[in-house]
Amino acid sequence: MAVRQVASIHFKNFVSKAWSPIDPDETRKIPEGDKSMVRENILGFVTQLPPLLRAQLGESIKTLILADYPEHWPSLLHWVTHNMESQDQIFGALYVLRILSRKYEFKSEEERIPLYQIVEECFPRLLNIFSTLVQIANPPIEVADLIKLICKIFWSSIYLEIPKQLFEPNIFNAWIVLFLNLLERPVPLEGQPSDPDARKAWGWWKVKKWITHILNRLYSRFADMKVHKPESKAFAQMFQKNYAGKILGCHLQLLNAIRTGGYLPDRVINLILQYLTNSLTKNSMYQLMQPQIDIILFEIIFPLMCFNDNDQMLWDEDPHEYVRKGYDIIEDLYSPRTAAMDFVSELVRKRGKGNLQKFIQFIVEIFMRYNEASIEVKPYRQKDGALLAIGTLCDRLKQTDPYKAELERMLVQHVFPEFSSHVGHLRAKAAWVAGQYAHITFSDQDNFRKAMHCVISGLRDPELPVRVDSVFALRSFVEACKDLDEIRPILPQLLDEFFKLMGEVENEDLVFTLETIVDRFGEEMAPYALGLCQSLAAAFWRCMASSEADDEVEDSGALAAVGCLRALSTILESISSLPHLFIQIEPTLLPILRRMLTSDGQDVYEEVLEIVSYLTFYSPTISLDMWSLWPLMMEALNDWAIDFFENILVPLDNYISRGTEHFVTCKDPDYQQSLWKGLSSVMTDQNMEDSDIVPAPKLIEVFFQNCKGQVDHWVEPYLRLTIDRLRRAEKPYLKSLLVQVIANVFYYNPSLTLAMLHKLGVATEIFNLWFVMLQQVKKSGKRVNFKREHDKKVCCLGLTSLIGLPANHIPAEALERIFKATLELLVAYKEQVAAFALIYQNLRGKMMLLMMMWMNLMLMKKRMRRMRMMGRWGLMTKIRMK
């Protein structure tokens, strides 16, 4: 078996790479004759192989179908329909049909056309097979496997659009009747595994999951009465009238397992609660739920919100996994607890009248019972659920009378005491709830201080989940804190706890809290900047290592890695007025930059480029080590990073403008040649849209503005390149930028540029175009081109540089047009500056008042400070132009 498994994996990998190689020059192509032989024989092995090998074969078949169907494998559908008629080949036919239908699961309507033929040919047979299987008495587990395949085929076929064949009422009804039959039918007890993980993966529970999934999809996507297509509206009305209520009844029956102590897989619970949550907005559905709403809310939803045995086991045995699951967005998608929280939130939002008061009264009763009970019998887990409910309803309670006036008292009486609880999960929940309410207005600031210091103390808790929840809560308190002197004296100790925790867990919320602290304290973080950067760099490498080593933690590790890079940017921004610190920090960050500026860093490329931009702009000088990053960025731009061209522009600008001498004189590597290669490749690419190449003329502008008198040999190549692209440009903004390149080259050397335009035979063409663009206006009278102050400045500089040329260089008529255009530009520029000044003057008084009122909020929300790359580039350009 081991040898067969290795062979199947090798075959799968070979087919994946060589069947339809991405690179057309790939030498490992499979001859067409061999492909034909594989297509003729591969399907027969589906039923012959054991599951372990069949999984590898399935991936190979998937590769073939994606590449060849229907054009090069038209016989595939006939093979499927033929084998669906054969009793001993049904599994193989369904297995292949599942792969085939999945090809079209996410395709647009135009690309789904082959699917409609598949449905036409296969679904009548599929429905017959499904009906036969459902009618089998005491079915074995193999029947569940077949039904699961049928459900997956149906799911892929209706995911984006319902094929028109299924709109026929009798056919659709036949499918739904079978789904509801299986949904209502108890799962067989015989053969059901006792192991929890094996149990939820058992075939019959998988059938329940897929049916619930399908019914949710039909309900949420296709039963919306607001759809505009007539056939879709008719279908929505039919589904609401005939099926939505029946499905709700089945779901409520299944949820009874929670009340009676029965078993229901987490994913099934999650999906059912999603259905219930979607039903809250529909009057007819809510009316069906209303008689049972107390049972749903207090006997099903609330128990799901409470701490349970599985939580306790994970807390005790693997606290790191407990933390990961608690903060993992993907886990939230499948969690019954998250679905329960969503239901409560939607209930009080859409059906709050009566329900909010009833639910809060229920929570208060739990609080009272907890307070009155002796320590041995206190309902700790119910208290945990009650705290979770209060935190979940935070936004609603903060806006609703009479609750908003009682929030501070609620925190003091029912949350603060749990900071010192001997039960770890209550300490954690107290920190989380306190963080949710940190922004309320405290009538007694001592209560705010007490809560904040309790949260800070939680950073030293012996239980890891408590420390992490405390970090999460601390961010809210740092944002809400009006007097930073409350935190300032303990800032070193606080950062020490952060460093320790960052060594233990990879959690983006921890990094976000650190980012908030750096935001609030600004330059005061300078003494800790190097240590912070070193800790964040170490945390980044750990996140990368864990995500590469384990696919299951890839998402959480990647998120935490992005958080580390964002925090590094925040630190660099906070110390921007202290350039000497950049010299100390640079060696710590260089290994990250060298690695992540390659294709390995595609997911974090924007964040990495932002760090490079800070280091090249604020450092006293650009070191040779930093110059070593230039080739990496240009290589990426030439290969795969065109989508990041706007972001790459910023550090390249910094290199040229702040390291001009090295840029001009260095020949190994030749930065000028490297720049030319990249820009010419982009600007001559016929497939590039105008919007894709906007950074290119901006970079040429930087080149000529900063290298005045040192790059004469590049005037002709860049003029040729610019004029060629100008002739193909369609959008006014790109045309303006390209003409500004010519203006900049005039400013660089007017006589050389003019001579070169005459040599190329385009001088008259360019000047005529330029003057026409200067005159173009909209109906409103506003300019079509050269709208910004910067644009007008550059045009003025280019035109006025021509005025200083000897009289015989420019005809008198042309000189007159230049004078006139320059004067009009100067007047327009003056009016634009005056208009902005007037606007500023009118707003200044109001702005001062707003700044005083909202200063703390602006600090708190400083994340908005990220001007993003191009905003910062524009600011740098303005500074230099002045």
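Hydrogens, waters and symmetry mates are skipped; everything else that's a heavy atom, side chains included, is used.
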Work out which heavy atom in [X] is nearest to a heavy atom in [Y]; give both atom names and the distance.
X	Y	result
Asn654	Ser613	ND2-O, 3.2 Å
Ser535	Met502	O-CE, 3.7 Å
Pro620	Pro579	CD-O, 3.4 Å
Ala526	Leu578	CB-CD1, 3.4 Å
Val694	Pro697	O-CD, 3.1 Å
Val612	Pro651	CG1-CB, 3.7 Å

Does [X] have any salt bridge (Lys or Arg N to Asp or Glu O under 4.0 Å) partners at least two apart in sequence or in another chain, and if so, which?
X	answer
Glu635	none
Asp625	Arg594
Arg595	Glu548, Asp600
Glu524	Arg488

Any chance you could measure [X], atom [atom1], to [Y], atom [atom2], to the nearest 0.5 Å?
X	Y	atom1	atom2	value
Leu565	Glu606	CG	CD	11.5 Å
Leu738	Ile766	CG	CD1	9.5 Å
Arg720	Thr684	CZ	OG1	14.0 Å
Met525	Leu530	CE	CG	12.5 Å
Leu514	Asp519	CG	CG	10.0 Å
Leu637	Ile648	CG	CD1	4.5 Å

For this session: Can you sort out the partners of Glu523 under side chain to side chain contact (heavy atoms under 4.5 Å, CB included), two or more places apart, ordered by chain and number?
Result: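 Here the qualifying residues are Ser577.
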For this session: Under the side chain to side chain contact (heavy atoms under 4.5 Å, CB included) rule, collect the residues that match up with Pro489, sequence neighbours excluded.
Result: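 Testing Pro489 for side chain to side chain contact (heavy atoms under 4.5 Å, CB included), a comparison that skips the adjacent residues, returns none.
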Using only atom types and a distance under 3.5 Å, with no angle test, would you say the side chain of [X] pairs donor to acceptor with the backbone of [Y]?
X	Y	answer
Arg475	Thr516	no
Tyr748	Asp712	yes
Thr753	Pro750	no
Ser574	Ile571	yes

Within-4.5 Å side-chain heavy-atom neighbours: [X] and [Y]:
X	Y	answer
Arg658	Thr616	no
Leu769	Glu765	no
Tyr671	Ile656	no
Val323	Asp469	no
Ile517	Ile487	no
Asn647	Glu610	no
Ser736	Met773	yes
Phe540	Leu568	no

Answer yes when [X] and [Y] have at least one side-chain N-carboxylate O distance shorter than 4.0 Å, and no when they do not.
X	Y	result
Asp690	Arg725	yes
Glu321	Arg324	yes
Glu689	Lys731	no

Which pairs would a plain distance check flag for residues 638-645, meaning a side-chain donor or acceptor within less than 3.5 Å of a matching protein atom at least two apart in sequence or in another chain?
| from | atom 1 | to | atom 2 | distance (Å) |
| --- | --- | --- | --- | --- |
| Asn638 | ND2 | Met634 | O | 3.1 |

Seminar exercise, completed: Here the salt bridge (Lys or Arg N to Asp or Glu O under 4.0 Å) pairs for residues 489-502, sequence neighbours left out, are Glu497-Lys500
Problem set entry | Inter- and intrachain pairs under salt bridge (Lys or Arg N to Asp or Glu O under 4.0 Å), touching residues 733-759, at least two apart | Glu716-Lys759
Exercise. Listed by chain and number, what are the ring pair (Phe, Tyr, Trp, His ring centres under 6.0 Å) partners of Phe746, not counting sequence neighbours?
Worked result: Phe767
For this session: Test Glu504 against every option in Arg467, His320, Arg542 by the side chain to side chain donor-acceptor pair (under 3.5 Å) rule and name the one that passes.
Result: Arg467
Exercise. How would you list, by chain and number, every residue that makes a side chain to side chain donor-acceptor pair (under 3.5 Å) with Trp714, sequence neighbours excluded?
Worked result: Gln672
For this session: For the residue pair Tyr718 and Phe704, categorise the inter-ring angle as parallel (less than 30°), tilted (30 to 60°) or perpendicular (more than 60°).
Result: perpendicular
Exercise. When the ring planes of Phe663 and Phe703 are compared, do they come out parallel, tilted or perpendicular, using 30° and 60° as the limits?
Worked result: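 Perpendicular.
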For this session: Report, as yes or no, whether the 6.0 Å neighbourhood of atom OH on Tyr747 holds more than 12 heavy atoms from other residues, nucleotides or ligands.
Result: no
For this session: Taking atom types as modelled, find out whether Asn744 and Gln705 have a side-chain donor-acceptor pair closer than 3.5 angstrom.
Result: yes
For this session: Can you run down the ring-ring contact (aromatic ring centres under 6.0 Å, His included) pairs that involve residues 579-599, sequence neighbours left out, and say none if there aren't any?
Result: Phe582-Tyr618
Exercise. Applying the ring pair (Phe, Tyr, Trp, His ring centres under 6.0 Å) test to Phe472, which of Phe477, Tyr327, Phe512 qualifies?
Worked result: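 Only one of Phe477, Tyr327, Phe512 forms a ring pair (Phe, Tyr, Trp, His ring centres under 6.0 Å) with Phe472, namely Tyr327.
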Exercise. Side chain to side chain donor-acceptor pair (under 3.5 Å) between Asp791 and Gln740: does it pass, once the steps are laid out?
Worked result: CA-CA 7 Å; Asp791 303 339; Gln740 283 168 230; 3.3 Å; yes
